[in-house]
Structures are given as C-alpha cells and as structure tokens.
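Below, each value reflects all heavy atoms present in this structure, side chains not excepted, and no hydrogens, waters or symmetry copies. In listed order, ligands and their atoms are each counted from 1. Residue numbers run from 1 in the order of the sequence given.
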Amino acid sequence: MSITVVGSIAYDAVKTPFGERERMLGGAAVHFALAAAFFDEVRVVGPVGDDFGERELAVLSERGVDIADIERVAGGKTFFWRGEYGWDLNSRETRDTQLGVFDGFQPKLSERSRRSDVLFLANIQPDLQREVRAQLPDARFVALDSMNLWIEIARDSLVAAIESVDCVILNDAELRQLTGKPNLVSAAREVLSWKPSAGRRGPSVIIAKQGEYGAALVTRESFFALPAYPLETVIDPTGAGDTFAGGFVGYIAANLAGAGAEAEARPGADLSDDLLRRAMAHATVLASFNVEQFGTERVERLTRAEIDARAVELHKITQFSGVS
Ligand code: AMP
C-alpha cells in the first residue's frame, strides 16, 4: 500500500554539544520518507529551490522513494532551518526558519500520489496539510505531525487539519499546548473527541512523543507506551520525530489488510491494537538509529537486518512475565 507524504524538504544547520553541520539534508518529509521506505513505497510531495543538489535527491531515489512530485522552483530557495541543542537533547532552540519555496506553495499532486492509500501530513503550514488532504479523499489511513509554531500562529487551521485525519503524532508538550490540558491522557482524550462534523470520523489514534523517554499511544479503547531504545551515544536528535513517524506509518501501510468492500465501508477498522503496538516498536527502532549521527547520515546507511535485530532487542527489554 503506497504512502504519499507532504512536508518540508530542507537544508538544516544544526549544532549539538557533540558537533555541528552547516548545511545538511533535512526536512520532515525527507526524514519520514527515508524511514518509511524500509516498509513500503513512498511518494514525496513538496518544493525545493535551484540550490537543492542532485546528491540530496539521490539520497531519496536510491532508497526507492518516488521523487516525481518534488517540484523544483526556478529562482527559489530551499526551506532552511537552523537549530541548536544543549546538554539536554530533549529541548532545542530554533535559531532561524526560512520558508523559501514553501511560501505560497500550491501542492499539485500527480495522479500517482493521489492514488496512495496512506497519507502522511508532515510538519508544515496546516493550510497546506489541508489542501493535500483534500486531494486524497479516499485515503484509508491519514496521519499528521505538527509543531509549536503552528499551534501558536495557525491553531484554527491546525485543528481543522487534525479533524480530517486518523492519527495525530505530536510531542507531549505540543499536545498539552494544543489542548490546554496538563495531563497527557486527558489531552489525548480531548483530541480524540474532535470531529469535523456529525457522522464523519475524526482522529482515532493519538501518539505523544516524549523524546529520550519514548512514546505513548492513546486510542478510545486502549493505552500503550514504549521507552526509547537505550543508547549510550546520541549525537543529533534532529528528525527523530519524523523518522519515528516514518517507521510507524510505513509499518502500518505495509500491514493494513488489503483493500476491499469491507475496508472501504469501515475505514480504519482493520487497525488492530496489535498492529498499532508493532508499529510503535518499529517507529521506536527507526528513531533510535536516526539520533546516532547527524541528520540523515545514519539512516542513509541503515539496513533492514539492523532494524530487525534491534526490534528483537527492544522486544526483550520491554517484556516482563506475569503480574503475581
Ligand atoms: P524533528 O526533529 O523530527 O522535529 O524534525 C526536524 C526537521 O523539521 C528538520 O529537518 C527541519 O528541517 C524541519 N523543520 C523545522 N522547523 C520546521 C517548520 N517550521 N516547518 C516545517 N519543517 C520544519
């Protein structure tokens, strides 16, 4: 089941206590696509400027990512983000954001991108997320990520975008900021109650990312949480959230039961708790590789065998036997 993703395709400048990079490949859609491509076919939608290099495009295409809907805007500049981390790698300062070609971007999806069954609206202006969502009205599973900036300056549009998806993936602090609820579970429940209009489905899966502490999943029926995979060396968390989302959504896309009359009549009905939990495990594993080096450096070299081996390790360290 193929996946379409829209979001930033970027150059990032990043400084952490362990080093810095002045201009590396980044962007939410890029980190997502590199992770999701381990599980399923991914089509990236978004603009880049004249300054975007062939080498960077090749990083995606060499992973089998469909880049036909990456639009090169003549005379434009690629999205640029500069961030800095202190010793606490869970918090970072944004030093600069230049929207460049995203300013005024009108997403034009090809027929192929519109045919995907799974859609990920990576972090970008919520109006853009809604425009893309409207172009895939029949998608079977739609997930969305966002950030504090959009909660602050475009909350109404973001809420409308959230009401149009099945799954919301946010940092725990963003979930609190969005809902005004201090408690994670009640904040998630609040978002689960949002609906576009009577009779239409709103979000049914909420994921709160908690940085080095892991991630929690809340549905109307259940709760699940995993710690982050324990690493001794973390170099750069940039893109960890998007890589997590790529692992999660990619795993779901690869394992959703085939399309059919039943699936069409009850979208999302085959999203079992078991599938969601296994997707959380794969998301956790992918994110753990991302933080081992700067930007996309580690995930570019990652193999499926390494993913599978770490998934087995994660399974071992999160098991316990019985409660008596
Ligand atoms: P993450 O660390 O998963 O939150 O994502 C970091 C990535 O998000 C970086 O590669 C940035 O290029 C990208 N990014 C940062 N700020 C924004 C923004 N305002 N809109 C879209 N993408 C952004």
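Residues passing the side-chain contact (heavy atoms from CB on, under 4.5 Å) test with E152 are N148, Q177, sequence neighbours excluded.
The aromatic rings of F105 and F102 sit perpendicular to each other, their planes meeting at more than 60°, with 30° as the lower class boundary.
Salt-bridge annotation for D50 and R72: absent, with no side-chain N of the basic residue lying under 4.0 Å from a carboxylate O of the acidic one. Salt-bridge annotation for E111 and R43: absent, with no side-chain N of the basic residue lying under 4.0 Å from a carboxylate O of the acidic one.
Side-chain contact check for D274 and S272: no donor-acceptor pair (N or O, by modelled atom type) lies under 3.5 Å.
The 4.0 Å heavy-atom shell around ligand 1 contains residues S8, A10, D12, G26, G27, H31, F79, W81, R92, N123, I124, M147, L149, W150, P237, T238, G239, A240, G241, D242, ordered by chain and number.
Contact between P107 and E131 at its shortest, heavy atoms only, is CD-OE1, 3.1 Å.
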